[in-house]
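Protein chains get the first letters and strands the later ones, always in sequence-line order, with residue 1 at the start of each. Computed from a predicted structure; not experimentally measured. Just so it is clear, the values below take in all heavy atoms, side chains as well, and ignore hydrogens, waters and symmetry mates.
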2 protein chains.
Amino acid sequence: MSLRHAVLGLLAERPASGYDLMKLFETSLSHVWSATQSQVYGELGKLADSGLVEVAAEGPRGRKEYAITDPGRAELRHWLVETEPSRTRRSDSLLRVFFLGLLTPLEAQTYLLTEAERSARQLAGLKEAEAAIEWDDDPLSLHGRLALEYGKRLSAMHEEWARWAAEQLKAGR
Amino acid sequence: MSLRHAVLGLLAERPASGYDLMKLFETSLSHVWSATQSQVYGELGKLADSGLVEVAAEGPRGRKEYAITDPGRAELRHWLVETEPSRTRRSDSLLRVFFLGLLTPLEAQTYLLTEAERSARQLAGLKEAEAAIEWDDDPLSLHGRLALEYGKRLSAMHEEWARWAAEQLKAGR
DNA sequence: CATTGACGTGTCAAGAGTGGAATGTAAAGT
DNA sequence: ACTTTACATTCCACTCTTGACACGTCAATG
């Protein structure tokens with residue numbers, strides 16, 4: 001249900017077309033929220049119907065530039081300050097850990113160490129991305145930075161945990 | 001798509017009815033994967049159709065006890081060792097961070113500190129749960145412990161990060 | 001014996017999310 | 001002039017997930 005708010009949030013920065021939004025999802029939001037083209041256009045239609053956004057301008061190639069409206073801004077604010085983030089507990093990689101007992105101890109350790117390496121690679125990728133981005137003073141950048149730091153800490157934690165867990169399995173026999 | 005594997009994994013430990021599985025989802029797997037009753041029964045039906053599980057016994061009240069089959073075990077193993085955990089990046093709470101610029105600095109800091117407290121409470125809850133559980137030698141327990149440790153580390157990291165981020169916002173002005 | 005509560009299975013509607021295809025226009029390069 | 005690339009929207013078919021509802025059984029309690 002947060003796709004709606006992701007779109008509103010992006011439009012709150014500046015007006016954009018569906019196409020623009022998709023690119024924003026792929027770039028700035030890629031590590032935080034993903035959306036496909038069908039979702040974005042669909043959501044824009046629904047948001048327009050309920051008056052939270054409006055078509056502010058039409059451009060070449062049938063381009064429709066959407067802008068957030070006052071009710072839209074109110075809804076966004078409401079979401080930010082008055083609703084709790086949903087704790088959707090669902091992790092594919094953690095689920096596997098529960099069933100590691102079905103593998104041989106060696107296989108299980110291999111799985112965990114592979115996970116550790118995946119995380120290490122991801123951390124490296126994030127650091128690279130961080131270095132590559134020109135951090136302008138745009139508010140999305142500022143807060144994007146906070147999110148990036150979260151990603152870095154998460155990767156690091158995941159790696160350490162996986163190595164620890166592999167160690168536990170080794171010691172447990 | 002991992003609900004299927006969660007069900008298979010649980011049935012690999014021991015045969016169970018749909019009702020039993022639901023309780024397992026609510027207890028042992030609650031922090032890792034959630035499932036509703038409709039999903040569980042629906043998935044059991046599909047799994048039975050494709051021969052990955054079978055009805056091993058029928059009990060009172062129309063109870064059907066399902067057991068994993070050899071093809072089921074093969075599928076589970078295949079999932080564990082040969083497929084990559086899906087990195088579905090979608091975090092409600094992180095999405096909000098991107099849009100914190102729409103609030104006043106004070107409101108944004110409040111949000112982050114509230115997040116920190118939520119995490120602290122969660123960590124406390126996990127520690128409590130850890131103390132309360134009798135850890136038998138059942139393989140689900142052993143690996144459940146690893147997952148619990150993950151949860152603890154995640155909560156701790158989340159809290160630290162939120163406090164750090166709030167500090168950043170304060171310093172940034 | 002009547003009621004209550006835990007046990008147990010199942011269906012349905014609606015919404016969220018995925019993945020792909022169809023269709024076309026404008027701009028830029030060769 | 002021609003072709004490619006980028007821009008831009010819309011539609012479709014499918015699966016997954018949620019939440020509620022409907023139905024029925026067994027065991028214990030007062």
By side-chain hydrogen bond (donor to acceptor under 3.5 Å, both in side chains) - contacts of A:His158 (at least two apart): A:Ser119
Between [N] atom [atom2] and [X] atom [atom1], what is the distance in whole Å?
X	N	atom1	atom2	result
B:Tyr41	C:dT11	OH	P	12 Å
A:Lys46	C:dG15	NZ	P	8 Å
B:Leu44	C:dG10	CG	P	9 Å
B:Gln39	C:dC12	CD	P	17 Å
B:Arg63	C:dG10	CZ	C1'	16 Å
B:Leu3	C:dA16	CG	P	20 Å
B:Met22	C:dC7	CE	P	11 Å
A:Glu26	C:dG19	CD	P	13 Å

Whichever of B:Gly62 and A:Pro60 has its nearest DNA chain C nucleotide further upstream toward 5': B:Gly62
Closest-nucleotide 5' rank along DNA chain C - winner of A:Ser2 and A:Arg61: A:Ser2
Less than 4.0 angstrom from a charged side-chain N to a carboxylate O is my criterion; do [X] and [Y] meet it?
X	Y	answer
A:Glu167	A:Arg163	no
A:Glu115	A:Arg118	yes
B:Asp49	B:Lys46	no
B:Glu149	B:Lys152	yes

Interface limits on DNA chain D, where chain B has a heavy atom under 4.0 Å of a nucleotide atom: D:dC16 to D:dC26
Side chain A:Ser38 and base C:dG17 donor-acceptor under 3.5 Å: no
Check: C:dG19 base within 3.5 Å donor-acceptor of A:Gln37 side chain: no
Touch class at under 4.0 angstrom, heavy-atom based, for A:Arg90 against every strand present: sugar-phosphate
Linked, directly or transitively: A:Leu103 and A:Leu113 (ILVMFWY side chains, under 4.5 Å): no
A:Arg4 to A:Trp79, cation-pi by 6.0 Å centre distance and 45° axis angle: no
Under-4.0 Å side-chain N/O to phosphate OP1/OP2 contact, B:Tyr19 with C:dC7: yes
